[in-house]
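Below is one structure; the comments refer to it alone.
Chain identifiers are assigned alphabetically (A, B, ...) following the order of the sequence lines, protein sequences preceding nucleic acid strands; residue numbering begins at 1 within each chain.
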Number of protein chains: 2
Amino acid sequence: MYGFNTVSLDQKGRLAIPAKYRASFIQKNETQIVITKDPQYPSLKIYPKSQWLEISSKLESLQGLDPIVRNLQWTILGNASVTEFDPNGRMLVLIPSELRKYAELINEKQISLIGMGNKFEIWNVSNWEMRQTGGSLATEILDVVLPESIKSMSF
Amino acid sequence: MYGFNTVSLDQKGRLAIPAKYRASFIQKNETQIVITKDPQYPSLKIYPKSQWLEISSKLESLQGLDPIVRNLQWTILGNASVTEFDPNGRMLVLIPSELRKYAELINEKQISLIGMGNKFEIWNVSNWEMRQTGGSLATEILDVVLPESIKSMSF
DNA sequence: AGTTGAGTTGGTTTATAAGCCGGATTCTGT
DNA sequence: ACAGAATCCGGCTTATAAACCAACTCAACT
């Protein structure tokens, strides 16, 4: 579940999880994945269900009065979408249009899929290249001083 | 697993791990290796699987909202690729083209393979010589102040 | 010099991904 | 409520890329 792939979306905007990643899902008996927004950059995150449960419950338990925390909760929890995994065939993920907009994937045929161990990231190809080469993006969404309660968290 | 070798890449970009190193893998029952980017210099790192598991799990657990941490995670985790011994006991590593570009190995027939004990490094031959003689490279990638959480880590 | 093991190479096979198409379902507007 | 359109979903086919395998070359050691 590491490494980077350029994957194409079909005409209908569906994303097929590459086989080498699928294997690791099957191995861990994961049958569902969750896709949601990344709070910091115009990109998406894909979690296996079990990982998602950890993260979402941590997030939910934070005190909801801090505006930054609420923003995080809205962004991450409010945009999550679950997809079933078919162990026999391939796994086709239909990315909700709101998320596609967010990650600047409208009309894109190719996307970058990056395996980060316990999660994946989905990027617009040129945004990802820009990131890799140290360039700066037009949009960096969450650019604030984080409260202590969040600093230690990893999403 | 120490010492320096000049090794050739074949037309398909495959790298054959020299026998003397292979032996030490077999001795330790390592059947898989992981190749990824070095975050600091235009070079690649090869870890035996067990070593990789340590490093990657440490990296994944760091606070994921810090931009520098995310950069490190992207570079190291997002570019990792696993190879295992083939049935003949040979190990041909296909270096992904993105990594070849990164380490300036496009169109290079020869590379420098440096054994560092628990890992290997792969360098463009002339870059490595430059380093050895104290010269400076055109590209030094990670040029930032590291947060305390990372300073103590070794990759 | 002959033998053995390592390195290198290229062709073959297999696995995978991407395009294509038809059918089903939902949505919308009248 | 109905018709048309748009969206969604699954299977099939083709093209591509990676894994496999086997033969050849080179070098070292006896």
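Side chains of A:Thr83 and A:Gln32: no donor on one and acceptor on the other come within 3.5 Å.
Among the nucleotides C:dG7, C:dT9, D:dA19, the one closest to any side-chain atom of B:Pro18 is C:dG7. Candidate nucleotides D:dA18, D:dC20, C:dA17 were compared by shortest atom distance to the side chain of B:Leu94, and D:dA18 ranks first. Of the candidates C:dG11, C:dT8, C:dA6, C:dA6 carries the atom nearest the B:Ala19 side chain, counting heavy atoms from C-beta on. Proximity note for B:Arg22 (side chain, C-beta onward) versus C:dT16, C:dG7, C:dT9: the nearest is C:dG7. Counting only heavy atoms from C-beta on, A:Arg14 has its side chain closest to C:dC21 among C:dA18, C:dC21, C:dT9.
For A:Leu9 and C:dG19, the CG to P distance is 10 Å, given to the nearest whole Å. Per the geometry, CD1 belonging to B:Ile95 stands 13 Å off P belonging to D:dA18, to the nearest Å. Nucleotide C:dA17 holds its C1' atom 13 Å from the CD1 atom of A:Ile111, rounded to whole Å. Rounded to a whole Å, the CG atom of A:Leu15 is 13 Å from the P atom of C:dG19. B:Lys109 has its NZ atom 17 Å from the C1' atom of C:dG7, to the nearest Å. Regarding B:Gln32, its CD atom lies at a distance of 15 Å from the C1' atom of D:dA19, rounded to whole Å. One atom, CD of B:Gln110, and another, C1' of C:dG7, lie 12 Å apart when rounded to the nearest Å. The CG atom of A:Asn5 sits 13 Å away from the C1' atom of C:dA18 (whole-angstrom rounding).
Electrostatic pairing of B:Glu98 and B:Lys37 counts as a salt bridge here, judged by a charged N lying under 4.0 Å from a carboxylate O. Look at A:Glu54 and A:Lys49 and you find no salt bridge, because none of the NZ, NE, NH1 or NH2 atoms lies under 4.0 Å from a carboxylate O.
In terms of phosphate contacts, B:Ser8 brings a side-chain nitrogen or oxygen within less than 4.0 Å of OP1 or OP2 of C:dT8. Look at B:Gln11 and you won't find any side-chain N or O under 4.0 angstrom from OP1 or OP2 of C:dT9.
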Under 3.5 Å, which protein N or O atoms sit close to an N or O of nucleotides 22-30 of chain D? Give each pair with its distance.
none

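Counting heavy atoms from C-beta on, the side chains of A:Val34 and A:Ile46 never come closer than 4.5 Å. Residues A:Ile114 and A:Trp123 have side chains in contact (heavy-atom distance under 4.5 Å, counting atoms from C-beta outward).
Here the two rings, on A:Tyr41 and B:Trp74, have centers that are under 6.0 Å apart.
Relative ring orientation between A:Tyr21 and A:Phe120 is described as perpendicular, the plane-to-plane angle rising above 60° on a 0-90° scale split at 30° and 60°.
You won't find any donor-acceptor pair under 3.5 Å spanning the side chain of B:Lys20 and the base of C:dG5, going by distance alone.
Base engagement by B:Asp10 is indicated by at least one non-hydrogen atom pair under 4.0 Å involving a base atom.
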